[in-house]
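Working notes, beginning with the structure itself.
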Number of protein chains: 2
Amino acid sequence: MLSNSSKYAIKAVLFLALNASEKKKVMVKDISEPINVPQAYIAKLLQSLVKEKIVSSARGPKGGFYLDETNMDHPIISIVNVIDGEKRLNSCLMSLKKCNEEKPCPLHNELSASRAQILNSLRSKTVKDLVKEVKLGNAFLPI
Amino acid sequence: MLSNSSKYAIKAVLFLALNASEKKKVMVKDISEPINVPQAYIAKLLQSLVKEKIVSSARGPKGGFYLDETNMDHPIISIVNVIDGEKRLNSCLMSLKKCNEEKPCPLHNELSASRAQILNSLRSKTVKDLVKEVKLGNAFLPI
DNA sequence: TCTTGAATATGATTTTTATCATATTTTATT
DNA sequence: AATAAAATATGATAAAAATCATATTCAAGA
Ligand code: FES
Ligand code: FES
């Protein structure tokens with residue numbers, strides 16, 4: 001469904017949203033441990049996210065990663081798109097290509113509605129939305 | 001979502017259901033071309049499926065693959081389980097482990113219903129069910 | 001029973017994904 | 001300006017998934 005890398009990235013972004021800010025940046029080594037992802041690995045993922053402006057960063061002493069207000073408004077799918085590419089969640093369930101709506105495969109009619117719902121949630125839910133759920137105690141960050 | 005291998009396997013099974021029978025077995029080379037999967041690759045997948053009794057086979061001249069009546073009644077998920085293993089569709093969307101229902105991740109509440117629907121369809125729909133849809137012209141086999 | 005046509009078992013190779021390592025660049029602090 | 005602390009760029013290695021190759025086994029038909 002999602003690659004390991006995407007899962008890691010989502011965890012990291014949410015962790016930052018909850019624990020960092022422009023005036024309290026967090027370094028990779030303080031991210032990797034609580035989210036349980038190897039440091040060098042999450043560092044690389046974060047770099048990709050910074051490049052696409054999904055997260056913010058600053059180097060040098062007092063540097064680190066954080067999310068600014070615009071970062072918080074990104075939909076979760078944008079994280080997945082950066083890490084996994086656009087087509088991962090989009091390909092036909094029976095072939096490697098995307099759905100052919102005129103000639104749907106036998107799984108399409110059965111499953112496409114559910115899949116569309118998932119896509120839709122990932123598109124509409126922002127980092128801020130998920131953070132709110134965690135703050136309300138309705139959801140938890142898995143390690 | 002599903003691995004390439006699972007998709008290939010599902011295509012092959014459906015192809016057999018539509019084009020083979022105990023008295024009209026089909027050889028790998030006559031399966032691989034129409035479903036557009038390399039021969040040696042689909043051969044290996046079919047061998048796994050035979051071992052788990054998802055498809056039937058016979059060797060020697062006049063041999064080949066086919067589906068008998070019990071094969072036709074297998075749910076699609078059993079194909080996926082043989083090829084991808086049980087946990088592929090089951091892991092938590094944010095971590096590598098399966099859902100923790102008591103402490104759901106922030107994506108869980110949002111997405112688990114849709115995911116459960118998908119699982120449910122794969123569990124309830126049999127090979128025979130999908131074949132029927134194809135025969136009715138409601139669905140098509142992708143190459 | 002010999003030959004031939006098929007699946008099967010086994011394993012090698014290639015590609016992709018995941019993971020690790022490090023030299024370079026930037027910036028706050030002294 | 002010099003130092004040190006951080007991200008960044010880049011690339012190496014390891015593991016897993018996908019793909020390819022082939023020798024072996026089994027069964028039908030001559
Ligand atoms: S055509 Fe296969 S899932 Fe849409
Ligand atoms: S999907 Fe994460 S806890 Fe269920």
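Residue numbering restarts at 1 for every chain, and letters A, B, ... go by the order of the sequence lines. Note that the structure is a prediction, hence the values are computed from the model and not measured.
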Touch class at under 4.0 angstrom, heavy-atom based, for Ala43(B) against every strand present = nothing
Let me know, please, whether Arg88(B) or Val26(A) comes out on the 5' side of the other along DNA chain D by nearest nucleotide.
-> Val26(A)
Is there side-chain contact between Glu101(B) and His108(B), with heavy atoms separated by less than 4.5 Å?
-> yes
Rounded distance (Å) that lies between atom C1' of dC20(C) and atom CD1 of Ile42(A) | 14 Å
Residue met sooner reading DNA chain C from 5', once Asn4(A) and Gly60(A) are mapped to nucleotides = Asn4(A)
Leu96(A) atom CG is separated from dA17(D) atom P, nearest whole Å, by 16 Å
Euclidean distance, atom NZ of residue Lys44(B) to atom P of dA23(D) [Å, nearest integer] = 16 Å
Among dG29(D), dA18(C), dA28(C), the one nearest any side-chain atom of Lys62(B) is dG29(D)
Measure the distance from CG on Leu49(B) to P on dT8(C) and round it to the nearest whole Å.
-> 11 Å
Of Gln47(A) and Ser5(B), the one whose nearest nucleotide on DNA chain D sits closer to the 5' end is Gln47(A)
Euclidean distance, atom CD of residue Glu22(A) to atom C1' of dT27(C) [Å, nearest integer] | 15 Å
Residue-phosphate contact under 4.0 Å: Tyr41(A) side-chain N/O, dA21(C) OP1/OP2 | no
Whole Å only: how far is the CG atom of Leu46(A) from the P atom of dA6(D)?
-> 15 Å
Lys62(A) atom NZ, neighbour heavy-atom count above 12 within 6.0 Å = no
Does Ser57(A) have a side-chain nitrogen or oxygen under 4.0 Å from the phosphate oxygens OP1 or OP2 of dA6(D)?
-> no
Any side-chain heavy atom of Asn19(A) sitting closer than 4.5 Å to one from Ile31(A)?
-> no
Provide, to the nearest angstrom, the distance between the CZ atom belonging to Phe65(B) and the P atom belonging to dA7(C).
-> 5 Å
For Lys25(B) and dC26(D), what is the distance between atoms NZ and P respectively, to the nearest whole Å?
-> 17 Å
Should Ile143(A) and Val134(A) be regarded as members of a common hydrophobic cluster, given that ILVMFWY residues are connected when their side-chain heavy atoms come within less than 4.5 Å of each other, either directly or indirectly?
-> no
The nucleotide from dA18(D), dT25(C), dT19(D) with an atom nearest the side chain of Arg59(A) is dT25(C)
Judged by atom type as modelled, is there a donor-acceptor pair below 3.5 Å linking the side chain of Asn90(B) to the main-chain atoms of Lys87(B)?
-> no
